[in-house]
Amino acid sequence: MPVSQNPISIQGVSLESISRKFGTPVYVYDGEKIISQIETLKQAFSEVPLKIKYATKALTNVNILKLVKRAGAEVDAVSIEEIKICMEAGFSAAEIMYTPSGVNFREVQEAVELGVMVNLDSISLMEDFGAAYGNSIPACIRINPHIMAGGNEKISVGHVQSKFGISIEQLTDILVIVKKFDLKIVGLHIHTGSDILDAEIFLKGGNVLFEAATNFPDLRFLDFGGGFKVTYKEGDPSTDVHEVGRIVSEAFQQFCTKYGRKLELWIEPGKFLVSESGYLIVESNVVKNTPQLTFVGVDSGLNHLIRPMMYDAFHDVYNLSNIDGDQETYNVVGYICETDTLAKNRKIGKVKKGDFLVFKNAGAYGFSMASNYNSRLRPAEVLVWEGKAHLIRKREEFHDLLRHQVILDI
Ligand code: LLP
């Protein structure tokens with residue numbers, strides 16, 4: 001008999017007990033899953049000196065970062081705030097890569113003062129950086145390799161019309177600035193998109209890096225970015241990271257021989273580390289029959305999980321309170337005053353008011369993209385670790401909504 005993909009417990013802790021103890025909506029993370037994903041990547045790239053730079057933006061809770069550190073990975077941060085959160089979690093400046101996109105130079109200076117490596121994302125930033133630091137601070141350059149990759153248009157970021165990186169066609173301009181300021185470029189970076197299924201895409205990006213790299217004598221690493229696709233539903237394929245590891249490592253080793261020195265190979269997974277570790281548990285508020293559809297309205301919405309509305313992302317959902325019961329077809333919708341369909345046309349165990357529903361793949365870009373829209377409170381976060389459920393973020397309370405409002409005497 002096939003094992004159900006829908007857990008009722010994590011590490012022996014029942015999801016129902018977590019829902020009752022901490023209330024809903026609640027994000028729940030399986031710490032062991034995160035560790036095992038890191039181990040899988042280490043194995044897949046065991047032939048090369050690998051650095052895993054977790055893309056913190058996917059899920060930034062300090063406790064998750066601590067787990068990532070404990071498992072031997074480092075981090076990629078995209079804002080000064082992410083850098084500071086990583087430091088709060090115990091990462092040293094040397095373990096943090098800062099990959100900003102179009103930020104004010106003051107923010108870059110702050111990162112440099114903290115001792116963090118900067119990934120230069122534009123010619124203009126290279127010039128400011130060169131004028132300020134010359135060759136005294138090593139840096140990395142983000143190349144846009146002109147590769148169309150990723151699950152959908154919004155998360156494809158390495159193509160010719162993307163705002164990210166410096167076009168590979170501008171390599172000559174890059175080299176002029178490097179020379180002008182005697183910049184010490186120790187890394188080259190690409191990140192072409194998210195939800196990239198095809199292993200060959202990583203090699204394609206690698207080939208762009210290898211070719212550009214021969215112009216930079218001081219390199220210490222090449223950074224292949226993130227983007228490994230995970231499974232969103234039964235039968236849905238995920239990136240074969242072992243194949244990526246095999247083909248990329250082989251090409252990388254050949255490149256290093258040609259380059260004349262052994263470099264480090266960096267990757268920046270976000271979803272791969274945390275997506276499947278996370279669950280969003282909600283409660284059904286209403287079951288609503290209409291002439292054409294049956295809706296389940298839950299105590300959450302696009303304010304907590306924006307991916308379905310923003311990217312048409314598929315998040316599997318099941319009825320924890322009626323896991324083996326007869327199935328019916330529902331649209332699971334949120335309580336936000338917008339069309340916030342979280343799951344469309346899904347067969348799940350018959351739902352009644354008060355049932356707990358669970359959304360899967362909620363670890364990456366779930367809580368980290370949550371908002372207070374409709375003046376709703378953001379959920380609690382719970383980490384299951386060593387067989388125990390730990391509260392790692394309190395549910396917001398009403399006063400949090402007013403905390404930064406300045407109330408005038410009018
Ligand atoms: N490195 C860089 C420079 C990135 O910009 C990203 C993600 C990653 C690594 C990690 O990519 P991942 O392994 O998670 O695919 N909110 C969207 C995804 C946006 C990704 C932004 N950059 C979503 O929920 O699908």
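Since the model is a prediction, treat every value here as computed from it, not as a measurement. In listed order, ligands and their atoms are each counted from 1.
Proximity of Met369 to ligand 1, defined as any heavy-atom pair under 4.0 Å, is confined to the side chain (atoms from C-beta onward). Using a 4.0 Å cut-off between heavy atoms, Arg142 contacts ligand 1 through its side chain alone, with no backbone atom that close. Residue contacts with ligand 1, taken as heavy atom pairs separated by less than 4.0 Å, involve Tyr311 solely via side-chain atoms from C-beta onward. With a 4.0 Å heavy-atom cut-off, ligand 1 is reached by the side chain of Arg307 but not by its N, CA, C or O.
Ionic pairing of Lys271 and Glu276 is not present here: no N-O contact between side-chain nitrogen and carboxylate oxygen is shorter than 4.0 angstrom.
Geometrically, Lys360 does not engage Tyr279 in a cation-pi contact, judged by NZ or CZ lying under 6.0 Å from the ring centre and within 45° of the ring axis. Cation-pi geometry between Lys57 and Tyr365 is not met at under 6.0 angstrom from the ring centre and within 45 degrees of the axis. For the pair Arg346 and Tyr318, the NZ or CZ position fails the cation-pi test of under 6.0 Å to the six-membered ring centre and within 45 degrees of the ring normal.
Regarding atom 1 (N) of ligand 1, its nearest protein heavy-atom neighbour is Glu268 OE1, 2.6 Å. Nearest protein neighbour of atom 8 (C) of ligand 1, counting heavy atoms only, is His191 CE1, 3.4 Å. In this structure, the protein non-hydrogen atom closest to atom 20 (C) of ligand 1 is Tyr365 OH, 3.6 Å. Of the protein's non-hydrogen atoms, the one nearest atom 19 (C) of ligand 1 is Ile155 CG2, 4.0 Å. Protein heavy atom in closest approach to atom 15 (O) of ligand 1: Ser194 OG, 2.4 Å. Nearest protein neighbour of atom 6 (C) of ligand 1, counting heavy atoms only, is Lys57 NZ, 3.1 Å.
The closest side-chain heavy-atom distance from Trp266 to Asp76 is not below 4.5 Å. With contacts defined as side-chain heavy-atom distances shorter than 4.5 Å, the pair Thr294/Val287 qualifies.
For ligand 1, the polar-atom distance check against Lys271 finds a nitrogen or oxygen pair separated by under 3.5 Å.
With hydrogens and angles left out, the side-chain atoms of Glu268 and His189 include a donor and acceptor closer than 3.5 Å. A side-chain donor-acceptor contact under 3.5 Å links Asp299 and Thr24. For the residue pair Asn319/Asp355, the side-chain donor-acceptor check at 3.5 Å is satisfied.
Close contacts between ligand 1 and Ala55 involve ligand atoms 8 (C), 9 (C), 10 (C) [criterion: under 4.0 Å to a heavy atom]. Close contacts between ligand 1 and Pro269 involve ligand atoms 13 (O) [criterion: under 4.0 Å to a heavy atom]. Residue contact check: Gly226 has heavy atoms under 4.0 Å from atoms 9 (C), 13 (O) of ligand 1. Within ligand 1, counting atoms from 1 as listed, the ones closer than 4.0 Å to a heavy atom of Gly270 are 10 (C), 12 (P), 13 (O), 14 (O).
In the candidate list Gly366, Gly227, Ala364, Ala77, Gly227 is nearest to atom 13 (O) of ligand 1, counting heavy atoms.
Close placement of the Phe202 and Phe228 rings is indicated, their centers lying within 6.0 Å of each other.
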